[in-house]
Novice: 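Here it is, the structure in full.
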Amino acid sequence: MKPYEELAKAYEPKDVEKRWYEFWESEGLFSAQEKSGKPSYSIVIPPPNVTGMLHMGHALNATLQDILCRFHKLSGYNVLWMPGTDHAGIATQNVVERKLAAEGTDRHAVGREKFVERVWEWRKEYGGIIIKQLKRMGAMCDWPRERFTMDEGLSRAVRKVFVELYHHGLIYQGDYIINWCPRCRTALADLEVEHEPLAGHLYQITYPLAEGEGGLTVATTRPETMLGDTAVAVNPEDPRYSGFSGKRVKLPLTDRVIPVIADSYVDLSFGTGALKVTPAHDPNDFTLGQKHGLPSVKVIGDDGRMTEEAGAAYAGMDRFEARKKVVADLEALGLLQKIDKHEHAVGHCYRCKTIVEPNLSKQWFVRTKPLADLAIEAVRDGRTRIVPDTWNKTYFDWLENIRDWCISRQIWWGHRIPAWTCAACGQIIVEMEDPVKCPHCEGTELSQDTDVLDTWFSSALWPFSTMGWPDQTDLLHTFYPTSVLVTAFDILFFWVARMMMMGIWFLKDVPFRDVYIHALVRDAEGKKMSKSKGNVIDPLEVIDVQGTDAFRFTLAAFAAQGRDIKLSMERIEGFRHFINKLWNAARFALPHIHARPEAAAKKPASRSVLDRYILSRLSRVIAKVGPDIKEYRFNEAAGALYQFTWHEFCDWYLEAVKPILYQDCTDEEKDAAVNTLATVFQGVLTCLHPFTPFVTEELWQKLPQTEGSIMKASWPSSDDPETGIVADQEAEDTIALVVGVVTAVRNIRGEMNISPSAVLSASVRPSGEKDAAGLSRMAGMIKNLARLSELSVDGAAHRPKGSATAVFAGNEIFVSLSGVLDLAKETERLQKEIGKLDKDLSKTSAKLNNEDFLAKAPEEVRQKVVAQQEELAEKRDKLTATLDRIKEIQAVQ
RNA sequence: GGGCGAUUAACUCAGCGGGAGAGUGCUACCUUCACACGGUAGAAGUCGCAGGUUCAAAUCCUGCAUCGCCCACCA
């Protein structure tokens, strides 16, 4: 038997957290079984970037997953929480490039091979930071299985997927307009471009006709691109330009002559109705150019500077400098008609915020349509469920309008594209094994594509690549599809939709049964927290100040579905108080439990009403919290546990049980009370454990009747005669009566300014036989909780002289205040009470006087209102009678 | 341009067809043998505005206003 050690006066999280986390890890309590008779429950963590530092988003995300995992572990599942990190191509490359810059060098000087080595070194040194931080959150990840998207195994999965999709024609290479970041010097996917409204200008420029007088005036926001124009387009329906189609215009500032074409794409109402066409630098123009067989002239290079093709006057100039010069030059020629202010959305690189340039370039693409159709179908038919379902629409809209995915990046950190070109015959070779000679011409001079894959390409395989695919592992069989994916909506497209596509295509089954989309943690203005904005609250600071449990409980309590979370230290503090409350409840309970350890473990022959009441309340909490967690109503579960622990277990039960434990009672009574106390406290700890793992383990270890870690405990049943946790309405009703009478007496004390230490006497005229019996039985408890020396229950009782009156559920309560009763105050108190009743009565009688209500409202509603009306009226009558008598007394005086 | 969400007590937010709720803060009283990171009691809201549906609306519908977010190749 464990000896009882006194607890510190307040909960000190620091060393407790460290101690138990190390214990759990060393005991292997986070480990999943590859084969098990238990049902499986699995989650793959959204892999944080290796460059990442734990922020609020991670903290919330990890907390919710940990709650799910711990709950299911307690509920008897074989749980796998697969951890890992993402190599984060551009982000990580940028970090190491900045380091090189600080050393006065750059990646080109270092060379590709050495550079990649440097990144690996960086990863080795700093890549584990976020993992350590997740551990401080208490995350029960199966750490020995930790994966990294650039691991050998995951790289093999990437290779396999690329090769198969290529041979299915779902990956292709081609010259298209893509988004180009001139600073990162790489292509970006459409998703990786963030559109920000910018105050710009709309310039109107005249292109003179090549033959004859006059010209056409076009409008543009990017005048420098005119150097790459290869046509001007007008709408064939546009009367202003009938006859222009087929003519040619001189392109100013160049010596080129370009055609005027007609296309219904052109919007008559925008600008001048004439559109300059720059196929190399605008996606729409590119489409027009293809349709009309126009050439492409690339005037902006990969470095964001003008090319030779832009002409000698502009070549080498920065694109924005060139814009100024083009405008000035046009003005000098008298061809600039007008400059209007014009706000429009401009694309920025999501990694470095540089303005993105649409550029014609040879890139690799995934043909997404066939894959997207599978992903749509899986949600439509319910194989995967998105929670909350408000996100379905967003998910469908995006997938239905999906465009091909540009997956090649011109950086060095990432999965190298497994494509080789034969120098001899020009054939592309894409195979699982690195080719040594060309299968077409036997040529041996083969060069591998220099590009790497989009980071999200490997992320898309995460649910199965981490489990060993393409090998058919036990892990995969046991845990795929995963139970749920927990993530914020900001990566719904980047990641979730793509995992759906890849998972269904390659595994023939969805990657997860549920997708739970949680809130974003935002700053005070509702903005996304980000380092660059400097508006972050550091989770680690929160942990240091408030403790992990308080932090986690706060996050869970505010994680209402579909709503963002605004956090502040102050709000977390309230939950630290809650943890401390639990701690102090233990400080009270543990000595009593340790005093009778055998009673704590043995079911008593009978239990008091109080015992049955608190066990019943616990039963109801258990019945609510389990389903709440399963359905991702974390705030509901946390709220119910908070309410029960503080306001039922501590406020009422612990206060009421004290006399039994402290005073002269029989051993049987004390044993029964201790058993109940131990049972309920143990149940509270177990139910709270998913939310607050550290403090519950610490206290669990101090209970004499428990063995081993709380992580090995069982989630309690809400209906178990063995433990005594069963619903008992009669006990609940009886205690409700006690609570009502006690509260009424306390109210009189408060309102009449009677000291809490003053001992009073009271009598009750019960509403009927049932309450009379209940009140008589519970008189001891009522006296104790209301600090009464006497309590008489008498059906014929009259209001004693000089007493204050209250009514609860038809029971009239008289608190004797002889000598100290202030009649004016009592009058005021009663009038206030009657005023409230009148307000409520006016509502109920309005309903009952409404014929439509009587005719159409359901029977049960009508009965409820009638009962309400009767109770209110009865209470009002009793209080009014008292008030009248007081008035008589006052009249006499 | 399209879509989504929010608007409830001073603050932060639950509730989402039948008696307006919680936490924090506030007021009064209390250091009583778990806890002042506490206890007891109390004050505090025309549930954004205007219509509509319903016997009944904070809750459903429509419109408006304000705020926020996401998506989007109108030069």
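Residue numbers begin at 1 in each chain, while the letters A, B, ... track the order of the sequences.
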Novice: So that I can tick it off, tell me whether A/Glu833 and A/Lys875 are bridged by a salt bridge, with the cut-off set at under 4.0 angstrom between side-chain N and carboxylate O.
Specialist: yes
Novice: When the P atoms of B/U62 and B/G3 are compared, how many Å lie between them, rounded to an integer?
Specialist: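 Their P atoms lie roughly 13 Å apart.
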Novice: Counting side-chain heavy atoms from C-beta on, which of B/A75, B/C37, B/C30 comes nearest to A/Ala10?
Specialist: B/C37
Novice: Within the 4.0 Å heavy-atom criterion, would you say A/Val266 contacts the bases, only the backbone, or no part of the nucleic acid?
Specialist: base
Novice: Looking at A/Arg576, is its backbone amide N or carbonyl O close enough to the side chain of A/Asn580 to form a donor-acceptor pair, meaning the two atoms are under 3.5 Å apart?
Specialist: no
Novice: Between B/A58 and B/C26, how far is it from one C1' atom to the other, in whole Å?
Specialist: 25 Å
Novice: What does A/Phe493 touch in the nucleic acid at a heavy-atom separation under 4.0 angstrom: a base, only the sugar-phosphate, or nothing?
Specialist: sugar-phosphate
Novice: How far does the P atom of B/U8 sit from the matching atom of B/G48, given to the nearest Å?
Specialist: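 One P to the other, the span is 6 Å.
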Novice: Please determine, for the side chain of A/Phe270, which listed nucleotide (B/G42, B/C74, B/G38) has the closest atom?
Specialist: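 Of the candidates, B/C74 comes closest.
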Novice: Apply the side chain to side chain donor-acceptor pair (under 3.5 Å) test between A/Thr225 and each candidate in A/His281, A/Lys276, A/Arg323; give the one that qualifies.
Specialist: A/Lys276
Novice: Quick check on side chain to side chain donor-acceptor pair (under 3.5 Å): which of A/Gln868, A/Lys864, A/Gln869, A/Glu870 does A/Thr844 satisfy it with?
Specialist: A/Gln869
Novice: In Å and rounded to the nearest 0.5 Å, what is the CD1 to OG1 distance from A/Ile748 to A/Thr743?
Specialist: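 Spacing of CD1 (A/Ile748) from OG1 (A/Thr743) equals 11.5 Å.
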Novice: Mind checking the P distance from B/U24 to B/C60? Whole angstroms is fine.
Specialist: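 B/U24 and B/C60 have their P atoms separated by 29 Å.
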Novice: Just how far, in rounded Å, is C1' of B/U40 from CD1 of A/Ile748?
Specialist: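 After rounding, the gap between these two atoms is 14 Å.
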Novice: The side chain of A/Lys836 lies closest to which of these nucleotides: B/A43, B/A34, B/C55?
Specialist: B/A43
Novice: Would you say A/Lys566 reaches B/C13's phosphate, i.e. side-chain N/O to OP1/OP2 under 4.0 Å?
Specialist: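 The answer is yes; a side-chain N or O of A/Lys566 sits under 4.0 Å from OP1 or OP2.
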Novice: Using the P atom on both, measure B/C69 against B/A36 and round to a whole Å.
Specialist: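 Their P atoms lie roughly 44 Å apart.
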Novice: In terms of side-chain heavy atoms of A/Cys650, which of B/G15, B/C35, B/A34 is nearest?
Specialist: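 Looking only at heavy atoms from C-beta outward on A/Cys650, the closest nucleotide is B/A34.
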Novice: If we take the P atom in both B/A22 and B/A44, what is their distance in whole Å?
Specialist: 14 Å
Novice: Among B/G19, B/A41, B/A34, which nucleotide has an atom closest to any side-chain atom of A/Asn584?
Specialist: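 Taking heavy atoms from C-beta onward, the closest nucleotide is B/A34.
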Novice: Identify which nucleotide among B/C70, B/C33, B/C35 has an atom closest to any side-chain atom of A/Arg587, counting heavy atoms from C-beta outward.
Specialist: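 The answer is B/C35.
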Novice: Establish, yes or no, whether a centroid distance under 6.0 Å links the rings of A/Trp405 and A/Phe365.
Specialist: no
Novice: Is A/Ala855 touching bases, backbone alone, or none of the nucleic acid, heavy atoms closer than 4.0 Å?
Specialist: nothing
Novice: On RNA chain B, nearest-nucleotide positions of A/Lys9 versus A/Gly271: which is more 5'?
Specialist: A/Lys9
Novice: Please compare A/His344 and A/Val865 by the position of their nearest nucleotide in RNA chain B and report the one closer to 5'.
Specialist: A/Val865
Novice: Report the distance from atom CG of A/Asn235 to atom C1' of B/A75, rounded to the nearest whole Å.
Specialist: 14 Å
Novice: Would you say the base of B/A34 and the side-chain of A/Lys658 have a donor-acceptor pair closer than 3.5 Å?
Specialist: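 By the distance-only test, yes, there is a pair.
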Novice: Within this structure, what is the NE2-to-P distance between A/His195 and B/C71, rounded to whole angstrom?
Specialist: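 The distance from NE2 of A/His195 to P of B/C71 comes to 8 Å, rounded to the nearest Å.
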Novice: Side chain of A/Gln868 only, please: which of B/G42, B/G19, B/A75 is the nearest?
Specialist: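 Ranking B/G42, B/G19, B/A75 by closest atom to the A/Gln868 side chain puts B/G19 first.
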Novice: Looking at the side chain of A/Glu570, which of B/A75, B/U24, B/A43 is the nearest nucleotide?
Specialist: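 The closest nucleotide is B/U24.
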Novice: Would you say A/Asn635 reaches B/C13's phosphate, i.e. side-chain N/O to OP1/OP2 under 4.0 Å?
Specialist: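 Looking at the OP1 and OP2 atoms of B/C13, neither is under 4.0 Å from any side-chain N or O of A/Asn635.
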Novice: Go through B/A20, B/C55, B/A34 for me and flag the one nearest to the A/Asn850 side chain.
Specialist: B/C55
Novice: Return the value, rounded to whole Å, for the distance between atom NE2 of A/His647 and atom C1' of B/A22.
Specialist: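 Result: 8 Å.
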Novice: Based on Watson-Crick and G-U pairs with both distances under 3.5 Å, what dot-bracket line describes RNA chain B 5' to 3', crossing pairs as [ ] and inter-strand pairs as |?
Specialist: ((((((((.[[[[.)..(..]]]].(((((.......))))).....[[[[[..)....]]]]])))))))....
Novice: Could you tell me whether the side chain of A/Thr230 and the main chain of A/Leu294 form a donor-acceptor pair under 3.5 Å?
Specialist: no
Novice: Give the rounded distance in Å between these two atoms: CZ of A/Phe588 and C1' of B/C33.
Specialist: 10 Å
Novice: Regarding A/Asp651, tell me which of base, sugar-phosphate or nothing describes its non-hydrogen contacts under 4.0 Å with the strands shown.
Specialist: sugar-phosphate
Novice: In terms of side-chain heavy atoms, does A/Tyr350 have a donor or acceptor partner in A/Glu192 at a distance below 3.5 Å?
Specialist: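 On atom types as modelled, these side chains qualify, holding a pair under 3.5 Å.
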Novice: Using a 4.0 Å heavy-atom cut-off across all strands, classify A/Asp267 as base, sugar-phosphate, or nothing.
Specialist: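 The residue A/Asp267 makes base contact.
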Novice: Identify whether any heavy atom of A/Thr844 sits under 4.0 Å from a base atom; if not, whether one sits that close to sugar-phosphate; answer base, sugar-phosphate or nothing.
Specialist: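 A/Thr844: no heavy atom of the nucleic acid under 4.0 Å.
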Novice: In this structure, how many angstroms lie between the P atom of B/C69 and the CD atom of A/Glu196, rounded?
Specialist: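 Going from A/Glu196 (CD) to B/C69 (P), I get 10 Å.
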Novice: Rounding to the closest angstrom, what is the interatomic distance between B/A57 and B/C49 at atom P?
Specialist: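 Here B/A57 and B/C49 have their P atoms 15 Å from each other.
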Novice: Do A/Thr554 side-chain atoms and A/Phe575 backbone N/O form a donor-acceptor pair below 3.5 Å?
Specialist: no
Novice: Checking A/Trp583 side chain against A/Phe578 main chain: does a donor-acceptor pair fall under 3.5 Å?
Specialist: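 No, A/Trp583 side chain to A/Phe578 backbone: no donor-acceptor pair under 3.5 Å.
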Novice: Check if the side chain of A/Glu655 and the base of B/A34 share a donor-acceptor pair of N or O atoms closer than 3.5 Å.
Specialist: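 Yes, a donor-acceptor pair under 3.5 Å.
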Novice: Pick the P atom in B/A10 and in B/G52, then give their distance to the nearest Å.
Specialist: 29 Å
Novice: Quick check for you: among B/G38, B/A41, B/A75, whose closest atom lies nearest to any side-chain atom of A/Leu275?
Specialist: B/A75
Novice: Using OP1 and OP2 only, check whether a side-chain N or O of A/Lys864 sits under 4.0 Å from B/A56.
Specialist: no
Novice: Does A/Trp652 place a side-chain N or O at less than 4.0 Å from the phosphate oxygens OP1/OP2 of B/U40?
Specialist: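 Checking B/U40 against A/Trp652, no side-chain N or O comes under 4.0 Å of OP1 or OP2.
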Novice: Has A/Lys581 got a side-chain N or O lying under 4.0 Å from the OP1 or OP2 atom of B/G39?
Specialist: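 Looking at the OP1 and OP2 atoms of B/G39, one of them is under 4.0 Å from a side-chain N or O of A/Lys581.
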Novice: With a 4.5 Å cut-off on side-chain heavy atoms, are A/Leu275 and A/Tyr265 touching?
Specialist: yes
Novice: Please state how far atom CG in A/Asn179 lies from atom P in B/C71, giving the value in whole angstrom units.
Specialist: 13 Å
Novice: Give the rounded distance in Å between these two atoms: CG of A/Leu202 and P of B/A75.
Specialist: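 Whole-Å distance recorded here is 8 Å.
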Novice: Classify the nucleic acid contact of A/Arg829 as base, sugar-phosphate or nothing, counting any heavy atom under 4.0 Å across all strands shown.
Specialist: nothing
